[in-house]
Chemist: 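Pasting a structure below so you can have a look.
Computed from heavy atoms alone, side chains included, the values below leave out hydrogens, waters and symmetry copies. Per chain, numbering begins at 1; letters A, B, ... match sequence-line order.
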Amino acid sequence: MMMGKRLVAGFYNGKTEEVARRLLGKILVHESPEGTTAGRIVEVEAYLSEGDPACHASRGKTKRNAPMFGPPGTAYVYLIYGIHYCFNVVTAPEGIGEAVLVRALEPVAGLDLMAVRRGGLEDKYSLCKGPGNLCAAMGIAKHHNSHDLSRVPLYLADDGKVCGEIVTATRIGISQAAELPLRFYLANSPYVSRK
DNA sequence: AGCAAGATTAGC
DNA sequence: CTAATCTTGCTA
């Protein structure tokens, strides 16, 4: 299944906010043993190393956030509230702890498998809505932590499709630095978790 | 060794 | 608005 060109290292050049915006419209693909699922990124949030206490890396490197300090294009996957996984793309150069949280996808392949993973949910607009939900639908879990996103089975690709207007907003679900404009989503997408 | 907090979600 | 559920990191 061809989902476009894999993203290469140069894609991550520039500030994390810019890379976050650049990730909108790109495709996340998971070729799992159960089948392939893929979704177009429609909503993201940037987490920065400086002036951003909401960022997991803001208090230095620990066992948990270590992948955030790895090379750009690394996956940072963690369990939140003991129940849901959150999927991030490491964006800053190695040694700097920054990442982009993917908050919503427009499903583009493997919708049936996504529905099964979501417990029979059939509404395509809800399949990958929210960071925990998209991980469930895509079959992303803790064993993907630290994975190199230029390689199978989990990778990012660009199918060349141009995305529309980008809206800048504040991040969801955080208590610190909640006023920073670090959330970005596609204005015309019905798959965004919240407008 | 104990404990509070957490980039969420579904259900009342 | 709250419970569910568990790993991590900080404090003692």
Chemist: Rounding to a whole Å, what distance do you find between A:Asn145:CG and C:dT7:P?
Modeler: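 Rounding to the nearest Å, CG of A:Asn145 and P of C:dT7 are 14 Å apart.
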
Chemist: Do the numbers put A:Arg171 on top of the ring of A:Tyr47, so that NZ or CZ is under 6.0 Å from the six-membered ring centre and no more than 45° off the axis?
Modeler: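 Yes, A:Arg171 lies over the aromatic ring of A:Tyr47.
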
Chemist: Side chains of A:Glu98 and A:Thr91: any donor to acceptor distance under 3.5 Å?
Modeler: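 No, no side-chain donor-acceptor pair sits under 3.5 Å.
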
Chemist: A:Leu101 CG to B:dT9 C1': how many Å, rounded?
Modeler: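 A:Leu101 atom CG is separated from B:dT9 atom C1' by 14 Å.
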
Chemist: Write down the partner of C:dA12 under the Watson-Crick or G-U wobble criteria, each distance required to be under 3.5 Å.
Modeler: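 Matched C:dA12 with nothing under the 3.5 Å cut-off.
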
Chemist: Roughly, in whole Å, what's the span from NE2 in A:His84 to P in C:dA3?
Modeler: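 The distance from NE2 of A:His84 to P of C:dA3 comes to 15 Å, rounded to the nearest Å.
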
Chemist: Does a nitrogen or oxygen in the side chain of A:Asn133 sit under 4.0 Å from OP1 or OP2 of B:dA10?
Modeler: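 So the side chain of A:Asn133 is within the cut-off, an N or O lying under 4.0 Å from OP1 or OP2 of B:dA10.
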
Chemist: Surrounding CZ of A:Arg59 (heavy atoms of other residues, nucleotides or ligands, distance under 6.0 Å), is the total greater than 12?
Modeler: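 Yes, the 6.0 Å shell around CZ holds more than 12 heavy atoms from other groups.
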
Chemist: A:Tyr85 has an atom OH; how far is it from atom P of B:dT8, in whole Å?
Modeler: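 Computing the A:Tyr85:OH to B:dT8:P distance gives 16 Å.
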
Chemist: Can you tell me if A:Glu50 has over 12 outside heavy atoms packed within less than 6.0 Å of its CD?
Modeler: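 Counting other residues, nucleotides and ligands, CD of A:Glu50 stays at 12 neighbours or fewer.
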
Chemist: Grab the CZ-C1' distance between A:Phe184 and B:dA7 for me, whole Å please.
Modeler: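 It works out to 15 Å between those atoms.
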
Chemist: Tell me whether the guanidinium CZ or amine NZ of A:Arg103 lies under 6.0 angstrom from the six-membered ring centre of A:Tyr185 and within 45° of its axis.
Modeler: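 The answer is no; the distance or angle limit is not met.
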
Chemist: Choose from C:dC6, C:dG9, B:dA7 the nucleotide whose nearest atom is closest to any side-chain atom of A:Asn88.
Modeler: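 When the side chain of A:Asn88 is considered, B:dA7 is the closest of C:dC6, C:dG9, B:dA7.
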
Chemist: Which one, B:dG6, C:dG9, C:dA4, comes nearest to the side chain of A:Ile83?
Modeler: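 Nearest to the side-chain atoms of A:Ile83, counting from C-beta on, is C:dA4.
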
Chemist: Quick one: the side chain of A:Tyr78 and the base of B:dA7, do they pair up donor-acceptor inside 3.5 Å?
Modeler: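 Side chain to base: pair found, below 3.5 Å.
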
Chemist: For A:Arg64, report the nucleic acid contact type (base, sugar-phosphate, nothing); a contact means any heavy atom under 4.0 Å.
Modeler: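 Sugar-phosphate: the residue A:Arg64, judged by heavy atoms under 4.0 Å, touches backbone atoms but no base.
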
Chemist: Whole Å only: how far is the OH atom of A:Tyr76 from the P atom of B:dG6?
Modeler: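 After rounding, the reported distance stands at 14 Å.
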
Chemist: Within the pair A:Arg103 and B:dT8, is there a side-chain N or O less than 4.0 Å away from OP1 or OP2?
Modeler: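 Indeed, a polar side-chain atom of A:Arg103 lies that close.
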
Chemist: Rounded to whole angstroms, how far apart are OH on A:Tyr81 and C1' on B:dA7?
Modeler: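 From A:Tyr81 OH to B:dA7 C1': 8 Å.
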
Chemist: Over how many whole Å does the gap from A:Lys129 atom NZ to B:dA10 atom P extend?
Modeler: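 Atom-to-atom, A:Lys129 to B:dA10, this comes out as 11 Å.
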
Chemist: Look through every strand shown and name the nucleotide pairing with C:dC1 as Watson-Crick or G-U wobble, where both distances are under 3.5 Å.
Modeler: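 Partner of C:dC1: B:dG11.
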
Chemist: Phosphate oxygens OP1/OP2 of B:dT9: is one of them under 4.0 Å from a side-chain N or O of A:Arg194?
Modeler: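 No.
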
Chemist: Need to verify one output field. Residue with the more 5' nearest nucleotide on DNA chain B, A:Leu134 or A:Ser175?
Modeler: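 Its nucleotide being nearer the 5' end, the pick is A:Ser175.
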
Chemist: Over all strands shown, is A:Arg183 touching base, sugar-phosphate only, or nothing at heavy-atom distances under 4.0 angstrom?
Modeler: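 The answer is nothing, as A:Arg183 stays clear of every strand by at least 4.0 Å.
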
